[in-house]
Amino acid sequence: MLTVPDAWQAALAHVDLAPLERFLGDEATAGKQIFPAADDRFRALTLTPPDAVRVVLLGQDPYHGAGQAHGLSFSVRPGVRTPASLRNIYKELDGDLGIPAATHGFLEHWARHGVLLLNTVLTVESGKAGSHRKRGWEAFTDAVIAQISAQGAPSVFMLWGNPAKEKAVLIDDVATGGRHLVLSAAHPSPLAQGKFFGSRHFSKANAFLEAEGRGTIDWALPPL
């Protein structure tokens, strides 16, 4: 069963999870390895409830290698080698704010300080990137994005990669007289890294949040 964290229940009550649950159950019955583990699939929502969200950092789908995905977009657990996409994020963070790359890839510090580390799709089959797209997760993450957009407090949406950019239509964007700042960029994957570098989303996010009286995000990750 997919159990939505309590703080998000009201926002997601209208989303029919039954088809998605059937799909995931069938995949498990077929012996397929699914990432992240069931207990971690809503980790991002657990760590960052709706009223705490200041930034939504939206990626595509979880890492598909063993031991990598744990429910936070782009993050890996302590002791796991930092993936290439996250190394590129660190390079951009250094170029933008002068924050040196962390020696680990564990991003829970960001999640606990108002950064919702979300993917457009929350599960993936081992070794098969994009394998769980169009299976029901998109409606779920649409509802998450719509809930944050409907909230009064201005937030920043950092949309990385084409699947993430498609969520822009759900957001009350300041560019069209709305409340929230929408920042789009290529995915930080090595396949598109040249278009990701120089986006300066970290400094732009902090400038917007500070101007709106919501403080700034401490993007410097503490050592483990």
Side-chain angles (χ1 to χ4, degrees), residues 20 34-36 40-45 48 53-65 68-76 80-97 101 105 107 110-111 115-149 155-173 175 180-205 208 217 219:
L20 180 58
I34 306 303
F35 300 134
D40 286 330
R41 287 170 190 167
F42 294 141
R43 183 67 174 160
L45 301 182
T48 317
V53 175
R54 292 188 287 162
V55 172
V56 179
L57 200 168
L58 189 63
Q60 297 183 173
D61 57 351
Y63 295 126
H64 54 83
Q68 292 182 308
H70 68 108
L72 304 179
S73 61
F74 299 106
S75 180
V76 291
V80 177
R81 185 175 183 270
T82 303
S85 292
L86 184 51
R87 292 199 299 272
N88 285 336
I89 292 170
Y90 287 165
K91 288 178 185 177
E92 175 62 18
L93 185 58
D94 189 6
D96 187 7
L97 292 175
L107 305 183
W110 292 356
V115 181
L116 181 63
L117 294 166
L118 190 68
N119 282 308
T120 59
V121 172
L122 303 189
T123 56
V124 68
E125 183 182 346
S126 174
K128 295 184 178 180
S131 52
H132 286 188
R133 292 179 186 170
K134 310 302 181 184
R135 295 292 187 172
W137 280 123
E138 288 84 358
F140 181 90
T141 53
D142 278 357
V144 172
I145 296 297
Q147 168 64 19
I148 299 165
S149 178
S155 299
V156 180
F157 292 80
M158 298 159 66
L159 312 180
W160 294 354
N162 288 333
K165 292 176 186 179
E166 292 173 1
K167 303 287 193 186
V169 297
L170 303 169
I171 304 167
D172 188 27
D173 191 343
H180 309 294
L181 178 64
V182 178
L183 302 171
S184 298
H187 193 276
S189 161
L191 298 176
Q193 64 187 29
K195 297 178 182 179
F196 174 75
F197 294 135
S199 56
R200 303 186 66 84
H201 283 189
F202 302 103
S203 60
K204 290 175 182 177
F208 177 81
I217 302 297
W219 294 107

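A quick note: this is a predicted structure, and the numbers were derived from the prediction, not measured.
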Point to revise | Residues that Phe157 engages under ring-ring contact (aromatic ring centres under 6.0 Å, His included), provided they are two or more places apart | key: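 Applying ring-ring contact (aromatic ring centres under 6.0 Å, His included) to Phe157 gives His180.
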Exercise for review: Apply ring-ring contact (aromatic ring centres under 6.0 Å, His included) to Tyr90 and list each qualifying residue two or more places apart in sequence or on a separate chain.
Suggested key: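 For Tyr90, no residue satisfies ring-ring contact (aromatic ring centres under 6.0 Å, His included) once neighbours in sequence are set aside.
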Exercise for review: Just jot down the salt bridge (Lys or Arg N to Asp or Glu O under 4.0 Å) partners of Lys204, sequence neighbours excluded, or say none.
Suggested key: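 Per chain and number, Lys204 pairs via salt bridge (Lys or Arg N to Asp or Glu O under 4.0 Å) with no residue.
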Roughly how far apart are [X] [atom1] and [Y] [atom2], rounded to 0.5 Å?
X	Y	atom1	atom2	value
Thr141	Leu118	OG1	CG	6.0 Å
Asp172	Ile148	CG	CD1	13.0 Å
Leu116	Leu72	CG	CG	9.0 Å
Phe140	Leu122	CZ	CG	6.0 Å
Ser189	Leu86	OG	CG	12.5 Å

Which heavy atom of [X] sits nearest to which heavy atom of [Y], and what is that distance?
X	Y	answer
Phe208	Ser155	CE2-O, 3.6 Å
Gly95	Arg200	O-NH1, 3.7 Å
Glu92	Gly198	OE1-N, 2.7 Å
Val115	Thr48	O-OG1, 3.5 Å
Leu57	Ser73	O-OG, 3.3 Å
Leu117	Ala44	O-CB, 3.2 Å

Point to revise | Candidate pair Thr120 and Leu58, rule side-chain contact (heavy atoms from CB on, under 4.5 Å), full reasoning | key: CA-CA 7 Å; Thr120 59; Leu58 189 63; 4.0 Å; yes
Check your understanding: For Val80, which residues count as a side chain to side chain contact (heavy atoms under 4.5 Å, CB included) partner, sequence neighbours excluded?
Key ->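 Checked Val80 against side chain to side chain contact (heavy atoms under 4.5 Å, CB included); matches are Gln68, Val76, Arg77.
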Review point. By side chain to side chain contact (heavy atoms under 4.5 Å, CB included), which residues pair with Arg81, not counting sequence neighbours?
Key: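 Partners of Arg81 under the side chain to side chain contact (heavy atoms under 4.5 Å, CB included) test: Arg87.
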Check your understanding: Taking it one step at a time, do Asp40 and Phe35 satisfy side-chain contact (heavy atoms from CB on, under 4.5 Å)?
Key -> CA-CA 9 Å; Asp40 286 330; Phe35 300 134; over 6 Å; no
Run the side-chain hydrogen bond (donor to acceptor under 3.5 Å, both in side chains) test against [X] and tell me which residues pass, sequence neighbours left out.
X	answer
Ser203	Asp96
His70	Ser75
Arg43	Glu108
Thr123	His132, Trp137

When the side chains of residues 159-166 are checked against the rest of the protein, which donor-acceptor pairs come out under 3.5 Å, sequence neighbours left out?
unit_1 : atom_1 : unit_2 : atom_2 : d
Trp160 : NE1    : His201 : ND1    : 2.9

Exercise for review: Begin with the C-alpha distance, continue with both residues' side-chain angles, and end with the deciding distance and a verdict on side-chain contact (heavy atoms from CB on, under 4.5 Å) for Ile217 and Phe202.
Suggested key: CA-CA 9 Å; Ile217 302 297; Phe202 302 103; over 6 Å; no
Exercise for review: Could you tell me whether a side-chain N or O of Ser199 sits under 3.5 Å from a main-chain N or O of Ala185, the two making a donor and an acceptor?
Suggested key: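 Such a contact is absent between Ser199 side chain and Ala185 backbone.
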Check your understanding: What salt bridge (charged side-chain N to carboxylate O under 4.0 Å, His left out) pairs are there with at least one residue in residues 132-143, not counting sequence neighbours?
Key ->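 Of all non-adjacent pairs touching residues 132-143, those that pass salt bridge (charged side-chain N to carboxylate O under 4.0 Å, His left out) are Asp142-Lys167.
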Check your understanding: Could you give all pairs that pass the side chain to side chain donor-acceptor pair (under 3.5 Å) test and reach residues 53-65, with sequence neighbours left out?
Key ->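 Residue pairs passing side chain to side chain donor-acceptor pair (under 3.5 Å), neighbours aside: none found.
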**Study point:** Ser149 side chain near Leu170 side chain, heavy-atom distance below 4.5 Å
**Key:**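 Side-chain contact under 4.5 Å: no.
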Practice item. Decide yes or no on side-chain contact (heavy atoms from CB on, under 4.5 Å) for Trp110 and Val55, but give the supporting numbers first. Key: CA-CA 9 Å; Trp110 292 356; Val55 172; over 6 Å; no
